[in-house]
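The analysis underlying the following values was restricted to heavy atoms, covering all of them including side chains, and did not include hydrogens, waters or symmetry mates. From a predicted model like this one, the values you see are computed outputs, not experimental measurements.
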Amino acid sequence: MTTPTVSKADLILETRLSRKLIDVFIRAGLVLALTLLCFRIFAPFVTMMAWALILAVTLYPGHQALARRLNDKQGMAATLLVLVGIAVIVLPMAVVLASMGDSVHEIIERVRDNTFAIPAPPARVAELPVVGAKVHDAWTLAHEDLPSILQRMQPQLGELAAKSLEMVASIAGTVLLFMASFIIAGVIMAFGESGAQAAREIFGRIVGPQRGVEFARLSTATIRAVSLGVVGVAFIQAMVVGIVMIIAAVPFAGVLAMVVLVLGIAQVPALLVTVPVIAYIWMSGDYSTVSAIVYTVLLGVAGMLDNVLKPLLLGRGVDAPMPVVLLGALGGLAGAGILGMFIGATALTLGYQILMKWVATDPDVVDESDLPPTT
């Protein structure tokens, strides 16, 4: 039996291939290491930069309209827009968040000191159809023996209290992050045209020149639709309702404002919160007739504010299922705090839209614009 002979040319080819393979692995390893290093350095700023980018994309049409009035002074227009945004959005948000922090802290202290009390249920609750008797019994038990109920729920309440205190402690940082994001968004808007061109080029490298323009346009439209038509409307309404409740000295106004925000993102009417608050104002006996009427009108208008804001800000909702937006908001809230709620809703909806666009694209149909130029 004879062993096959290997020619010198085969040995040279094998050596060259092995060296090239090693060279590829080393280059890929260096690129991966550099990518991980850059991500680790940039990670603390991801939330702030993501929100700044969302703000810049959302506010850019308004920035351009203002710049045209200022003789195309992009920097001055961005500065004015940032100052107005901080005054109109950040400061009211700081007031509502501070109230929410005080409300959460007060609830936790009352639960710990066993001073948290639930008023007795009205007799008419038992007259409600189907569930009236059960609700009345549960409400009465909570009114008469709340400490024992809290004692049985102590492990869950301990975890909830710890998370609530963490959220309260992060409120100041959230306000500062929001303000810093506005400032960075102003810088991005001042160089908006070059940024838009860069986004088109990045998408073009990923999905081709023609589809790159489509994906960039889709991303811009989705960000504006979510941030204005969904999150923006919910945020403005929650701030207005929260400010009115704070002025009216409604207990736990900040927490109720956060509930309004979540309901608004889920496209649920804020009247679910404002109507019980109006009932509390009339039934508590702490308000005069005139003040009760004034607060009722203000809360009624604030509760229906979304019906006016949606046509003004966008004219239509986002073309995505509401569960996607809501899951993004709740996931962002759990992962990155209050600011993450806005980022999560926008990011998950954007990912959903890009995925659906990709699914609808037939890989067997090649657009001539995606082909490299021929010489």
With rounding to the nearest 0.5 Å, note down the distance linking [atom1] in [X] to [atom2] in [Y].
{"X": "L298", "Y": "I281", "atom1": "CG", "atom2": "CD1", "value": "9.0 Å"}
{"X": "T15", "Y": "K20", "atom1": "OG1", "atom2": "NZ", "value": "12.5 Å"}
{"X": "I184", "Y": "L177", "atom1": "CD1", "atom2": "CG", "value": "9.0 Å"}

[Y] versus [X], side-chain donor and acceptor atoms under 3.5 Å:
{"X": "E201", "Y": "Q197", "value": "yes"}
{"X": "W51", "Y": "T346", "value": "no"}
{"X": "S288", "Y": "S291", "value": "yes"}
{"X": "Q74", "Y": "Q64", "value": "yes"}

Verify the neighbour count for atom [atom1] of [X]: are there more than 12 heavy atoms of other residues, nucleotides or ligands below 6.0 Å?
{"X": "M76", "atom1": "CE", "result": "no"}
{"X": "Y280", "atom1": "OH", "result": "yes"}
{"X": "F25", "atom1": "CZ", "result": "no"}

Flag, side chain of [X] to backbone of [Y], donor-acceptor distance under 3.5 Å:
{"X": "Q237", "Y": "G303", "result": "yes"}
{"X": "R200", "Y": "A216", "result": "no"}
{"X": "Y287", "Y": "A248", "result": "yes"}
{"X": "T222", "Y": "L350", "result": "no"}

Kindly give the heavy-atom pair with the smallest separation between [X] and [Y], and that separation in Å.
{"X": "A77", "Y": "L66", "value": "O-CD2, 3.6 Å"}
{"X": "L263", "Y": "P269", "value": "CD1-O, 4.2 Å"}
{"X": "S181", "Y": "A52", "value": "O-CB, 3.4 Å"}

Starting from [Y], can I reach [X] by hopping between I/L/V/M/F/W/Y residues whose side chains sit under 4.5 Å apart?
{"X": "M245", "Y": "I293", "value": "yes"}
{"X": "L348", "Y": "M356", "value": "yes"}
{"X": "V241", "Y": "V275", "value": "no"}
{"X": "M49", "Y": "I202", "value": "yes"}

Does the plane of the ring in F235 sit parallel, tilted or perpendicular to the ring in F178? Use 30° and 60° as the thresholds. parallel

Charged N to carboxylate O under 4.0 angstrom, R19 versus D23? no

